[in-house]
Every structure is written in C-alpha cells, then in structure tokens.
Amino acid sequence: MFPLRKLRIGPFKRGEWSIANSMAHAEEVTGLHDWGDRTFMEAYKALHAGRIHKRLRFTNLGQFIMQNEFEMIFGRRLRAIDYLKRHPEIEKIQIKEPIFVFGLGRSGTTFTHHLLSMDPNARSPLLWELMFPVPEFKEDDRNLSKEKFKTLHFIDRDMRAQRLRDRLKIRSVLGQDGMEQMHEVGADLPEECLHALCDEYPAGVNHIFTFLNDWELYMKRSIEAGDATRGYKWYKKLLQILTYQMGDSENPRRWVLKSPLHILFLPQLIEAFPDAKLVWAHRHPAPTVTSMCTLTKALHSMYFDRDTLFPFEHGRSLYNLTTYLLPKVDKELKELKVPISHVLYENLVANPVETVRKVYKDFGMEVSDEYEAKLQKFLEENAARRAKIAERKGRSKSEPLNLYHPAEYGLTNEQLSEGIFADYIKQYNITSPK
C-alpha cells in the first residue's frame, strides 16, 4: 500500500512519524515546554538504532496510531512535570507496600491482577488513568473543602475517562481491536504498568515487539544507562498524582500493579519501591512462550507491514529471552529478599478464590467477607462472558479460548519442556502442560 504519509495530507500532514515531531506537537497542544530530564529521548534512540527497528515499515494506519499514542505519552509527561511543580507536596505522598504481579507473558498475570484489585482496601490504575493521569483544570484545589475538592476532581476525571473511551471506539471502527481478542482492554479496567513506564523508556505496546526481539541490546542499555530505574521512579510519581486527586493522600489505599515486563527489571523496581510485595505467576513454558509469540505478532500487525515479521526468528528471540530470564530472576529474588507469593496458573484457573487466599496468607493479610463476595460475583459474571465467547468461536466450555501452535514459530513442545524449562517446571511443581 502506498505510504500516504509521503503526501503530507490529512492525518499525515506532519510526514513520517518521529520522536521529535511528536514532542513538538505535544508542546503545541499543551503550551508546555519543560520535559525534565531528557534522557528518555536517548532510550528511544538506542532501540531505534537496533537492527530490528530499522527494518520495520509502518502501515498508514500504524503510523497514524503511533502518532496519536505518542501525542498522549508526551502530553502526559509535560502535564505531569508541570502539575508536580505546582503541587510539590504530592511527591511526599507515600506509596505503601504496593503489590506487583509479574511473570512470563500469558501466565495468568492479568487474571491475578484483576482478582487482587477487587479488594475494597486496594486499587489498581485503570487504563484511562494511566493514559491521562494528570488533572487538567487550572483552579488551585489546595484550599478547597473536601466536598468541593471531590466534585472538581470527579468532573475532571470523568472528562479524561470519556476521552479515552471515545478513542478506543475510534480504534475499533478502524479495525485496530485485534489485541482485544487475546487481552481484555477497556478504558475502565485495571491495566498494565507499561503504559506509564513508556514515559521513560520504550516499554509501551507500540514498541514491545522491537523491545522483545532486540532484548539483548535493550536490556543492557536499560540497566547500564538507568532507563528502567528512572521508569519506575517516574511511575511512582504518577501513582502519587492519582492518589492525590482521589483525596487519599492521608491514608492511601494499597496499589495493586501488574506487567509481565517487571520480570526483566526486578532490582530496578525494588530500588523505586523498596517495600513492594511481589506475586510471580507461573505457567508451563510451552503455552506461555507460544502465546507470547502470538500476542507480540498481533502487536506487530497493528503498526507494521506483515513482511517485516519473520516468525521463526521471532520464536527464537522469545525462546532465548525466556531461558535467560528464568535463572536470572531466581538469583535476583534470593538477593533482594522481598516478600513474594507464587501463583500457579493451573491452581488459579481451578480455584481463583483459594488462590487469592493463598496470596493474602503469604503476605500476612486477610480476605474480608466483602472482598470475597466481590470475587464470587465477578467470577460468575466472568464465566458467563467467557461462555459466550467460546460459543461464538465454536468451542466447548472446557476448551481454551485461544489455541497456540509452537511450530508456527519454529519451536516444539519438547524444546519448551527440557533443559532450563524442565528445571523451572520441577522447581515450581507445574503439573499441567496447558
């Protein structure tokens, strides 16, 4: 397809997408110019200089989406820096003992995260909060009564939430809802930390394919240059902003956070959140690695020409990354000595409530009657929803909603069950190959 952006018309009037173009546009839209530490630009440049990114070619729609996403990313950064300058007290708000859910991609982290976020004493950032976390009204809210403070922020929060709902509808109309077939997406649902971390380094969905396929280049850069550490410290500031606007500054609820990417940077996470509690989700590597390949392939298709994806190379990259990570994480957890709970996918699926009880017991916490009632209600509704999806796909209730084939990526079930994988399976007593 002819690259319409070459004509510089309509949504492509700024020509080819670039970091510099998006930054200039964000300044124009917000009227703000203070970017803080500009090292984040070097983080993106480093990944863009790698062999994987260099061979990618945007589709017309892919560039349009990338451009819009970076307008949100950079607008968020400018507004957050400006807001914190006007409200320096926000950075004194404590983010106490947050829970971080992590694991290999497709290992049940999203389901675990949703369950843990339902505790009335906890909260998780919703997708719209991550995309538009900063209040946009100009009034000084510091001397308002509690009621006026609450009303002002409620109106502003609803406006920002609706903006993202509208954007997601547009994406769906444009046919860019492929990822929703594998990962539930909604403006008002709990979402992944990567949507905030990408303010400091390329961890967003628009760069995840490049990140994971050029992981040796970028992990080295992120650790040595401190990109990941800056990302988590920045994320903490956004959580403080979200806590403040809810009026929770004095007695903030516990944050429950999640991203499979945390498995890459646990020491950096703990540096920013030293009292964090970790939940590691485990699943057999055969469906996990294959499912990761399928998801990142879907992400690639959202932005780039299909002929820039090489499935066997893609499979080998994720295979190598996984065999590198598993022993690395074990070693890091022994050194970090942080509270951790292990969740087995097979147990999670078979008995979600009991899995939540186990996590709470591991952390010396209790599941309240109110929380358990919310869990039961959600599980009933979720079972009905999944039954409808299964019926639409022509599958029985006992079959998985998504099927994965290692051979598509040059892998075999045997490869994903031996060596380091066999050690991992034995260590965490993973009995189901599903």
> Tell me the salt bridge (Lys or Arg N to Asp or Glu O under 4.0 Å) pairs involving residues 282-295, sequence neighbours left out?
Replying inline: none
>> Just to verify, what does Y218 make a ring-ring contact (aromatic ring centres under 6.0 Å, His included) with, not counting sequence neighbours?
In response: F211
> Short question: side chain of E335, backbone of E332 - any donor-acceptor pair under 3.5 Å?
Replying inline: no
> Is there a donor-acceptor contact under 3.5 Å linking the side chains of W255 and T243?
Replying inline: yes
> In terms of side-chain heavy atoms, does N429 have a donor or acceptor partner in H282 at a distance below 3.5 Å?
Replying inline: no
>> Could you tell me if H53 and D214 have a donor-acceptor pair between their side chains, going purely by distance under 3.5 Å?
In response: no
>> Checking side-chain polar atoms at under 3.5 Å, does K258 have a donor or acceptor matched by the opposite partner on T110?
In response: yes
> Can you list the residues that meet the side-chain contact (heavy atoms from CB on, under 4.5 Å) rule with E381, with sequence neighbours excluded?
Replying inline: K377
> For residues 404-428, which residue pairs qualify under salt bridge (Lys or Arg N to Asp or Glu O under 4.0 Å), counting only residues two or more places apart or in two chains?
Replying inline: K297-E408
> Is the Y201-Y232 ring centre distance short of 6.0 angstrom?
Replying inline: no
>> If we count only N and O atoms by modelled type, under 3.5 Å, do the side chains of T290 and H405 hold a donor and an acceptor together?
In response: no
> Cationic tip of R77 within the cone over F74's six-membered ring, i.e. under 6.0 Å and within 45° of the normal?
Replying inline: no
> For T294 and Y409, does a side-chain donor sit closer than 3.5 Å to a side-chain acceptor?
Replying inline: yes
>> More than 12 heavy atoms of other residues, nucleotides or ligands under 6.0 Å from CD of E139: yes or no?
In response: yes
> Does NZ or CZ of R163 lie under 6.0 Å from the centre of the six-membered ring of F132, at an angle within 45° of the ring axis?
Replying inline: yes
>> Using modelled atom types and a 3.5 Å cut-off, is there a donor and acceptor pairing between side-chain atoms of D305 and backbone atoms of D307?
In response: no
>> Can you confirm whether K220 is buried at NZ, in the sense that more than 12 heavy atoms of other residues, nucleotides or ligands lie under 6.0 Å from that atom?
In response: no
>> Going by the rule ring-ring contact (aromatic ring centres under 6.0 Å, His included), which residues pair with Y44 if we only count those two or more places apart in sequence or in a different chain?
In response: F70, H207
> Are W17 and S22 linked by a side-chain donor-acceptor pair shorter than 3.5 Å?
Replying inline: yes
> Of all residues at least two apart in sequence or in a different chain, which pass the side-chain contact (heavy atoms from CB on, under 4.5 Å) check with Q427?
Replying inline: D330
> So, the side chain of E200 versus the backbone of D227: is there a donor-acceptor pair under 3.5 Å, distance only?
Replying inline: no
> If you take all heavy atoms of M66 and F304, which pair is closest and at what distance?
Replying inline: CE-CZ, 4.3 Å
